[in-house]
Participant: 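Let me give you the structure first, and then I'll get to my questions.
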Number of protein chains: 2
Amino acid sequence: MSKTEKKDTKSLIMDLAENAIIEGGFNAFSFRELAAQIGIKSASVHYHFPTKGDLTVSVLRRYKDNFASELPCVETSHASANQLLNGFIDGFKTKIVDNHNMSICTMLTTDVRQLPDEVREELADFYRIKLNWLGSVFMLETGMDEKQAQIKACQMLASLHGASILVQATGDVEKYEDAVGYLRQ
Amino acid sequence: MSKTEKKDTKSLIMDLAENAIIEGGFNAFSFRELAAQIGIKSASVHYHFPTKGDLTVSVLRRYKDNFASELPCVETSHASANQLLNGFIDGFKTKIVDNHNMSICTMLTTDVRQLPDEVREELADFYRIKLNWLGSVFMLETGMDEKQAQIKACQMLASLHGASILVQATGDVEKYEDAVGYLRQ
DNA sequence: GTCTATACGGTGATAGAC
DNA sequence: GTCTATCACCGTATAGAC
């Protein structure tokens with residue numbers, strides 16, 4: 001939340017769209033629904049975002065930039081590699097799994113065939129950022145080379161996303177820790 | 001494929017629906033589309049499956065039963081635990097990832113909030129079957145107890161599903177092996 | 001910026017004829 | 001089993017007034 005409670009319509013639309021995407025993916029929101037939640041008409045939403053693709057790109061980019069800016073800087077932070085990794089695992093649980101949600105990336109990935117190209121590129125870039133950050137953490141203290149670090153990053157990111165799938169499908173939150181516990185140190 | 005090439009309409013509908021769900025999830029197919037692919041009208045599809053939920057349940061149940069029947073019996077098969085596990089990892093790659101698809105379970109899991117109750121239960125049961133099978137394999141040769149085996153099963157299943165997400169989002173098939181290679185022995 | 005009005009097509013589902 | 005016809009929506013998107 002920003003200091004001032006008041007939000008302009010554009011941000012409000014993005015907030016609601018973000019929520020809807022997280023809960024149901026690309027097909028789970030409509031301009032009409034978003035408009036109704038704010039108390040305006042769908043035509044007004046189109047004024048701010050001409051197409052659904054435009055809106056989705058904006059939402060995803062904002063989310064990604066915000067995500068990236070909240071990641072501790074690997075070089076300057078005084079945290080150990082293990083602290084950084086555990087923090088990443090915990091963050092995924094607190095922000096996503098505990099809210100009975102899946103990551104916005106997972107949600108959009110299963111809709112990949114229906115996404116406009118720009119959204120697909122934005123999405124791929126988001127994964128790249130996560131993998132690069134994790135990779136740089138893995139290289140931090142160990143003598144790991146870049147290739148090895150990227151493999152570890154893939155392994156970890158896959159585990160987290162897959163764990164959230166198990167939780168969502170079974171309704172059993174404990175499966176998250178079952179699935180990713182081996183990553184903690 | 002069955003011996004005889006001819007299929008009744010009902011099976012044909014299920015085949016096409018299965019394909020559509022795998023490619024786009026619960027919202028990616030309509031009775032009209034399915035009907036058009038067969039050369040009948042949507043009302044005729046409703047004759048075989050009254051609602052979309054009915055059709056999806058049928059498809060998922062058939063898929064699950066077929067999947068279960070193709071799993072090697074842990075007790076009677078002469079394969080080692082490692083052979084069984086590697087076979088599971090390879091099967092996921094060949095049948096799903098190499099076809100640029102995601103598992104039908106992953107696709108439906110991200111649609112969970114929009115699914116009729118019966119579909120959701122069928123889906124949860126599918127995961128249970130996979131986890132139980134993997135668990136029983138883990139108990140096969142090691143001295144692992146049931147709780148430990150279930151944890152390993154969760155870990156492995158999460159890795160496979162998560163790996164397929166990475167592949168789908170980045171378009172890079174090699175990420176599958178990067179993410180799950182650690183499971184092989 | 002937001003509105004009204006509207007175009008145009010897709011959607012799940014049903015009634016009743018053949 | 002399959003059809004025609006139809007219902008009551010919901011979807012994205014646009015033109016033009018205020």
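Just so it is clear: chains get the letters A, B, ... in the order the sequence lines come, proteins before strands, and each one is counted from 1. This is a predicted model, so every value here is computed, not measured. Hydrogens, waters and symmetry mates play no part in the numbers below; they use all other heavy atoms, side chains included.
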Participant: Does atom CD of B/E118 have more than 12 heavy-atom neighbours from other groups under 6.0 Å away?
Facilitator: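 Result for CD/B/E118: enclosed.
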
Participant: Both conditions, 6.0 Å and 45 degrees, for the charged tip of A/K130 above the ring of A/F126: are they met here?
Facilitator: yes

Participant: Kindly assign one of parallel, tilted or perpendicular to the pair B/F92 and B/H161, based on the angle between their ring planes and the thresholds 30° and 60°.
Facilitator: perpendicular

Participant: Between D/dT2 and B/T9, is there an OP1 or OP2 to side-chain N/O distance shorter than 4.0 Å?
Facilitator: yes

Participant: Nearest-Å distance, CG (A/L34) to C1' (D/dA13)?
Facilitator: 15 Å

Participant: Give B/G53 one of three labels, base, sugar-phosphate or nothing, depending on what nucleic acid heavy atoms sit under 4.0 Å from its own.
Facilitator: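 No contact.
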
Participant: Among C/dA5, C/dT14, D/dT2, which nucleotide has an atom closest to any side-chain atom of B/S44?
Facilitator: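 Shortest atom-to-atom distance from the side chain points to D/dT2.
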
Participant: Can you figure out which of C/dT11, C/dG1, C/dT4 approaches the side chain of B/S30 most closely?
Facilitator: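 The listed nucleotide nearest to B/S30's side chain is C/dT11.
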
Participant: Heavy atoms only, 4.0 Å cut-off, all strands: where does B/F49 land among base, sugar-phosphate and nothing?
Facilitator: nothing

Participant: Which nucleotide, C/dC3, D/dT4, D/dT12, lies nearest any side-chain atom of A/K52?
Facilitator: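 Within the option list, the nearest is D/dT12.
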
Participant: Is it possible for you to check whether B/K93 lies under 6.0 Å from the centre of the six-membered ring of B/F88, through NZ or CZ, and within 45° of that ring's axis?
Facilitator: no

Participant: So which nucleotide from D/dC3, C/dG12, C/dT4 ends up closest to the side chain of B/H46?
Facilitator: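 Looking only at side-chain atoms, B/H46 lies closest to C/dG12.
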
Participant: Could a donor-acceptor pair under 3.5 angstrom be found where the side chain of A/R32 meets the base of D/dG11?
Facilitator: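 Yes, the side chain and the base share a sub-3.5 Å donor-acceptor pair.
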
Participant: In this structure, how many angstroms lie between the C1' atom of C/dG12 and the CZ atom of B/F26, rounded?
Facilitator: 10 Å

Participant: Between C/dC18 atom P and B/I40 atom CD1, what is the distance in whole Å?
Facilitator: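 Between P of C/dC18 and CD1 of B/I40: 21 Å.
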
Participant: Select one nucleotide: of D/dG11, D/dA13, D/dA15, the one nearest the side-chain heavy atoms of A/T51.
Facilitator: D/dA13

Participant: Looking only at the side chain of B/K41 (C-beta and beyond, no hydrogens), which of the listed nucleotides D/dT4, C/dA13, C/dC3 gets closest?
Facilitator: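 Of D/dT4, C/dA13, C/dC3, D/dT4 is nearest to the side chain of B/K41.
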
Participant: Provide, to the nearest angstrom, the distance between the CG atom belonging to A/L12 and the P atom belonging to C/dG1.
Facilitator: 14 Å

Participant: Please give, in whole Å, the distance from D/dT12 C1' to A/H48 NE2?
Facilitator: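 Rounded to the whole Å, the gap is 17 Å.
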
Participant: For the pair made of CG in B/D54 and P in C/dG12, what is the distance, rounded to whole Å?
Facilitator: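 After rounding, the gap between these two atoms is 13 Å.
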
Participant: Of all the choices, D/dT14, C/dA13, D/dG11, which nucleotide is nearest to the side chain of B/S42 once you look at every atom?
Facilitator: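 Nearest to the side-chain atoms of B/S42, counting from C-beta on, is C/dA13.
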
Participant: Between C/dG1 and A/Y47, is there an OP1 or OP2 to side-chain N/O distance shorter than 4.0 Å?
Facilitator: yes

Participant: Measure from CZ on B/F31 to P on D/dC3 and round the result to the nearest Å.
Facilitator: 15 Å

Participant: Looking only at the side chain of A/E33 (C-beta and beyond, no hydrogens), which of the listed nucleotides C/dT4, D/dT2, D/dG11 gets closest?
Facilitator: D/dG11

Participant: Applying ring-ring contact (aromatic ring centres under 6.0 Å, His included), which residue pairs with at least one partner in residues 8-40 of chain A are found, sequence neighbours left out?
Facilitator: A/F31-A/H46

